[in-house]
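Only heavy atoms go into these numbers, but all of them, side chains included; no hydrogens, no water, no symmetry mates. As the structure lists them, so they are numbered: ligands from 1, and atoms in each ligand from 1.
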Amino acid sequence: MADGEEKQRQFPEKKQIRQQTAQPKRRSKSWGDMKRYESLARNISDSILSGVLKFGDQLPSVRQASSSRGVSASTVFKAYYLLEAQGLIAARERQGYFVIASPRGMPPQPEAASQPAAESTTVDVSELVFKILESAGTREVVPFGSAFPSPLLFPTAALTRSMSAALPKQDPWSTVDYLTQGLPALRREIALRYLIDGQQVSPAEIVITNGALEALHLCLIAVTKPGDAVVIESPCFYGVLQTLERLCLKAISVTTHPSEGIDLAALEAALLLHRPTACWLMTNFQNPLGSSMPAEKKQALVELLAEHEVPLIEDDVYGELYYGQRRPLPAKAYDRRGLVMHCGSFSKCLAPGYRIGWALPGRQLQQVARLQLTSTLSASAPAQEALANYLARGRYDHHLRALRYKLASNQHLMTHAISRYFPAGTAATRPTGGYFMWLQLPSSVDALEIHRLALAQGISVAPGPIFSPQHGYGNCLRLNYGHLWDERTEAAAALLGRLIATQV
Ligand SMILES: Cc1ncc(COP(=O)(O)O)c(C=O)c1O
């Protein structure tokens, strides 16, 4: 649908359609109540769910659909946006919309928010996390438990060309001149990415780091001291728990909804009760749930934390991996007081081994830059040169569109495999970006035991207990669908389903 590409990006009602799908209606509309685009979308979704339109089928272009259905192009756009927001179709660059769902029943999505313990706790998860990660680290293992997407999904050759082109031109003094904050050309490219989303960021506000992990670490050190309490999500990325453990910080786990992120009422109660010194969250495509906070909720979060003068460390490493038309804004976009410390990375979306991330530390800029001086001094200059060169060539968005399409399709394949092979009572999140989904299995299932049994069969999974300081979520798994899906993967999903079924 080349004719519609530009229009798709600009179409104004899109946000409205997203909001509409984010809050499901209590009763389904009768045909009489429906607007034209809704009935067109219902028509198409019925064809998908009845199997007339199959996974991978291409939908007619906007022009064709508008003339064959006798409706305006804008009605077709709105119908396609609605279907896209419902996860039934996805756009492929310059080719149009394709079906990414199938008639088989989808597993239900988990509904209830988590209920973590209310007290603040010291953290002691490293041993368990290391044991589990070490066991799953070979390429012979089917990597459902991996934290990384497939390395084959990245433009390795183009990055190598950028490295070869950039290094001969490198000014030898640049390795000294740009210590700590990083290469100006790369900071400028990062600032441009913010600008695309309407965020005004100066390169001078950015500190380039060795991956997001260093950025997050430095931001946390900048605003806490040992013994302080930090608000985290429940469940949360185990890297958060390991960092708190290492820095002798206490964790306050706050109720988190599987699709909409942290619960603000619970957060407010925690702020009043525990007086934390920082809050560390993922507002987009949270690891492990895949949840994303709606825009209004992000704004309310920033206002709430500002009222309590609590800095927010925002981990946004998956922000570029959205399946819809636009990058969801980070909480940083609503920050007027410099209290949000936004951290990003190229590790998950462009260049995994380069170890280049960054922080936008707001009012802690100088402190974070100085801390980096005493940490790793700076990120690798050649890696920064290569990335700056690659980004300036203007191929990044092309790569991202292909990557997002792959991840959205793989999510469908994983969801389909779950509905086919996993026992009844399995619920799975359906994130709108990233490459993780969170499974709630029947309560009799022991995720650590499943991890052990699956690994013996060459399959890794990430068991729920590594995502909580209390080792909770004993019947949950995080599954990674960011790898190539082939017969081996399908067979592994079937075997995993059978292993789980033995415990039900
Ligand atoms: C949620 C989350 N944040 C941060 C990181 C670290 O990112 P980087 O590889 O850029 O250090 C990871 C890596 O797995 C992650 O999953």
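Here the closest heavy-atom approach between residue Arg187 and residue Ala204 is recorded as NH1-CA, 3.9 Å.
Checked by atom type, the side-chain pair Arg92/Tyr405 shows a donor-acceptor distance below 3.5 Å. Looking only at atom types and distance, the side chain of Lys169 has no donor-acceptor partner in the side chain of Asn389 under 3.5 Å away.
In summary, Asp263 and Lys297 do not engage in a salt bridge, as defined by a charged side-chain N under 4.0 Å from a carboxylate O. With respect to the salt-bridge test (charged N to carboxylate O, under 4.0 angstrom), the residues Asp316 and Arg327 qualify.
Sorted by chain then number, the residues whose non-hydrogen atoms approach ligand 1 to under 4.0 Å are Gly211, Ala212, Leu213, Leu216, Phe237, Met282, Asn287, Asp315, Val317, Tyr318, Ser345, Ser347, Lys348, Arg355.
Under the rule for a salt bridge (Lys or Arg N to Asp or Glu O under 4.0 Å), the partners of Asp228 that lie at least two apart in sequence or sit in another chain are Lys225.
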